[in-house]
Amino acid sequence: MCARVCPTEVLCEQACVRNTHEDKPVEIGLLQRRATDHFFPQPGAPLFKRAPVSGKRIAVVGAGPAGLSCAHRASLLGHDVTVFEARPKLGGLNKYGIAAYKSVGDFAQREVAWLLSIGGIEIRYRQALGAQVLLDDLRREFDAVFLGLGGINLLGLVDEDIAGLGNAVEFIAGLRQATDYAALLVGRRVVVLGGGMTVVDAAVQSKKLGASEVTIVYRRDQQRMPASTYEQQWAQRHGVTIRAWSVLDAIGSSSGHVEHVTFVDVVDRDGSLELTGTRWTLEADTVLKAIGQTLVFADPTVATLALRGGRIAVDHEGRTSLPDVWAGGDCTFGGRDLTVEAVEHGKVAAMSINRSL
Ligand SMILES: Cc1cc2nc3c(=O)[nH]c(=O)nc-3n(C[C@H](O)[C@H](O)[C@H](O)COP(=O)(O)OP(=O)(O)OC[C@H]3O[C@@H](n4cnc5c(N)ncnc54)[C@H](O)[C@@H]3O)c2cc1C
């Protein structure tokens with residue numbers, strides 16, 4: 001999946017030594033993609049072999065890139081892994097979030113099937129931490145626990161009950177699961193709030209699904225948008241307008257449905273945003289929010305975990321404030337919310353768990 005979704009132009013290609021000595025970096029994303037596309041249809045000999053069984057048991061909560069990576073590495077190291085996943089399908093945002101045009105042909109599920117073929121990983125579907133399972137029970141039953149819960153979007157910025165006001169991640173999840181795109185509800189005039197990849201994906205996909213006007217509104221300058229320049233240009237090539245230096249002021253909805261959105265311009269004063277008082281309005285019937293991720297805890301023991309910035313605080317090995325609990329991916333503080341990073345967190349935590357056991 002990394003070969004398909006990583007912004008390699010900023011992560012690796014930007015740092016490639018060939019930028020200095022040649023004029024072009026190694027196109028690592030395309031090379032990875034070529035290798036994996038070649039391997040998957042005819043896997044041949046397994047790429048990985050499990051170590052002898054250790055007799056230790058590890059619980060992994062969440063089957064996104066972080067959880068699956070942790071499960072795979074822990075199994076590779078000889079431990080038996082049980083994965084608890086709230087949804088009926090595995091893959092996390094690989095399955096429910098990543099734009100459909102980046103991952104065609106149900107690649108996410110094929111990758112999961114390959115990953116599980118290593119053995120030693122049991123899956124329990126529809127088992128949500130805080131509902132069907134509790135952290136204390138997992139801590140009693142297993143030698144170590146890894147939390148790969150992902151991020152949850154909760155804004156609380158504006159009246160959440162206005163029709164036409166939605167969450168970009170949910171919009172994309174609905175799209176990824178849809179069998180008939182024609183039956184999807186897509187606005188004619190869509191406003192997407194934020195500056196990351198979710199925003200670009202929601203905007204481009206709205207446009208591709210027939211919206212006539214799509215505008216991304218970001219609170220700082222365009223250079224500072226978390227979405228890479230390539231992604232921004234991708235959006236603009238699809239007719240999406242990007243407006244910077246403005247924050248949401250109000251959503252007009254006299255009929256109970258979004259009718260227009262008012263923004264107020266801001267300026268940067270010593271690193272803080274200051275309202276200028278200049279207001280402008282966009283006609284809109286749909287507003288998609290994709291800003292801010294805050295973790296919600298429904299489990300009393302999870303709620304005791306030390307947090308930073310609303311997410312789980314971890315050290316460089318993914319250790320949480322509880323001695324036998326590790327965490328990684330979007331639910332932890334300090335990352336960049338990228339697939340490759342979640343995968344790395346899962347792997348590093350599995351190796352840390354292994355050392356600790
Ligand atoms: C729309 C969108 C587009 C993106 N595009 C890109 C991209 O192009 N490139 C890129 O690198 N990154 C992209 N990202 C970011 C990337 O998808 C995430 O950083 C990555 O998926 C994080 O992995 P994770 O395992 O931490 O979380 P997730 O992928 O969110 O997986 C978490 C898993 O935990 C499960 N879960 C949640 N709560 C519970 C619970 N209580 N009990 C049990 N299970 C639970 C969820 O169902 C899910 O399966 C995108 C994100 C979004 C939202």
Side-chain angles (χ1 to χ4, degrees), residues 1-12 29 59-71 82-103 108 112 123-135 138 145-153 167-176 192 194 196-206 226-228 230-231 234 288-293 295-299 302-303 311-312 314 318 327-333 335-347 349:
M1 188 57 85
C2 290
R4 286 164 159 71
V5 305
C6 279
T8 46
E9 68 279 5
V10 283
L11 294 181
C12 335
V60 169
V61 187
L68 287 172
S69 161
C70 180
T82 305
V83 177
F84 296 83
E85 168 54 51
R87 294 202 190 230
K89 288 180 187 161
L90 308 181
L93 288 171
N94 280 355
K95 176 74 195 159
Y96 291 97
I98 296 288
Y101 52 77
K102 288 183 185 168
S103 168
V112 167
I123 307 289
R124 301 206 189 148
Y125 294 95
R126 293 191 167 93
Q127 295 292 305
L129 190 71
Q132 288 77 22
V133 277
L134 294 175
L135 186 56
L138 295 181
V145 181
F146 175 81
L147 302 177
L149 300 166
I152 297 169
N153 275 53
N167 182 309
V169 176
E170 277 160 24
F171 166 71
I172 291 168
L175 164 63
R176 287 298 311 273
V192 194
M197 271 190 274
T198 310
V199 169
V200 169
D201 287 353
V204 172
Q205 292 184 114
S206 296
S228 67
Y230 174 81
E231 298 255 350
W234 166 260
L288 295 174
K289 308 165 297 181
I291 34 180
Q293 303 235 355
L295 200 66
V296 187
F297 297 123
D299 178 317
V302 179
R311 305 194 193 192
I312 301 170
V314 286
D330 287 3
C331 65
T332 56
F333 175 80
R336 280 184 289 180
D337 292 353
L338 292 172
T339 304
V340 66
E341 208 173 54
V343 171
E344 173 74 355
H345 287 174
K347 187 180 75 180

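Both ligands and their constituent atoms are indexed starting at 1 by order of listing.
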Using every non-hydrogen atom in the two residues, find where L288 and A202 come nearest and quote the distance to one decimal. CD1-CB, 4.1 Å
I'd like to check the side chain to side chain contact (heavy atoms under 4.5 Å, CB included) partners of P226; sequence neighbours left out, ordered by chain and number. Y218
Decide whether an N or O pair under 3.5 Å exists between G97 and ligand 1. no
Between A342 and ligand 1, which residue portion shows a heavy-atom distance shorter than 4.0 Å: side chain, backbone, both, or neither? side chain
Short N or O distance, D337 and ligand 1, threshold 3.5 Å exclusive: yes
Report yes if L93 has an N/O atom closer than 3.5 Å to an N/O atom of ligand 1; otherwise report no. yes
If I apply the N/O under 3.5 Å rule, does N94 come out as touching ligand 1? no
So is there a nitrogen or oxygen of V169 less than 3.5 Å from a nitrogen or oxygen in ligand 1? no
Tell me the nearest of P65, A227, G335, G92 to atom 24 (P) of ligand 1, using heavy-atom distances. P65
With atoms numbered from 1 as shown, which atoms in ligand 1 lie under 4.0 angstrom from a non-hydrogen atom of R87? 47 (O)
Which atom of R176 lies closest to which atom of I98, heavy atoms considered: NH1-O, 2.6 Å
Any N/O of I172 closer than 3.5 Å to an N/O of ligand 1? no
Restricting to heavy atoms, the pick from G328, G67, G64, A63 nearest atom 31 (O) of ligand 1 would be G64
Counting only heavy atoms, which portion of L149 has something under 4.0 Å from ligand 1: side chain, backbone, both, or neither? both
Reference residue V60; test side chain to side chain contact (heavy atoms under 4.5 Å, CB included); the match among V83, T82, L138: V83
Would you call R311 and D337 a salt bridge, taking side-chain N to carboxylate O under 4.0 Å as the test? yes
Using a strict 4.0 Å cut-off to heavy atoms of L338, name the atoms of ligand 1 that fall inside it. 10 (C), 11 (O), 12 (N), 19 (O)
Distance under 4.0 Å to a non-hydrogen atom of Q127: what atoms of ligand 1 satisfy this? 42 (N), 43 (C)
Is it true that, when you exclude R336 itself, more than 12 heavy atoms of the residues, nucleotides or ligands shown sit nearer than 6.0 Å to its CZ? no
Atoms in ligand 1 flagged as close to D330, the criterion being non-hydrogen separation under 4.0 Å: 18 (C), 19 (O), 20 (C), 22 (C), 26 (O)
Kindly compute the distance separating OG (S228) from CH2 (W234), expressed to the nearest 0.5 Å. 12.0 Å
Provide the number and element of each atom of ligand 1 under 4.0 Å from a heavy atom of A66. 25 (O), 26 (O)
K347 bridged to E341 by N-O distance under 4.0 Å: no
Ignoring hydrogens, what is the shortest heavy-atom contact between L129 and L134? Give both atom names and the distance. CD1-C, 4.0 Å
I98 heavy atoms, cut-off 4.0 Å: which ligand 1 atoms fall inside? 4 (C), 5 (N), 6 (C), 7 (C), 13 (C), 17 (O)
If every non-hydrogen atom of E85 is compared with every non-hydrogen atom of K89, which pair is closest and at what distance? CG-O, 3.8 Å
So if I count the atoms of ligand 1 from 1 in the order they appear, which ones are less than 4.0 Å from some heavy atom of G148? 32 (C), 33 (C), 34 (O)
Does any N or O of ligand 1 fall below 3.5 Å from an N or O anywhere on V5, backbone included? yes
T339, any N or O under 3.5 Å of ligand 1 N or O: yes
May I ask you to decide if G329's main-chain N or O and H345's side chain share a donor-acceptor pair within less than 3.5 Å? yes
Taking all heavy atoms of G91 and all of P65, pick out the closest pair and write down the distance. O-CD, 3.7 Å
For F84, which part has a heavy atom under 4.0 Å from ligand 1: side chain, backbone, both, or neither? backbone
Pick one of side chain, backbone, both or neither for how V61 approaches ligand 1, counting any non-hydrogen atom pair under 4.0 Å. side chain
Can you confirm if the NZ or CZ of R87 lies within 45° of the ring axis of Y96 and under 6.0 Å from the centre of its six-membered ring? yes
Check: of D201, L11, N167, min heavy-atom distance to atom 3 (C) of ligand 1 comes from D201
In ligand 1, which numbered atoms sit nearer than 4.0 Å to a non-hydrogen atom of G329? 26 (O)
If you take the nearest heavy atom of each of V83, T198, L68, which one is closest to atom 53 (C) of ligand 1? T198
How close do T339 and C2 get, counting heavy atoms only, and between which atoms? CG2-SG, 4.4 Å
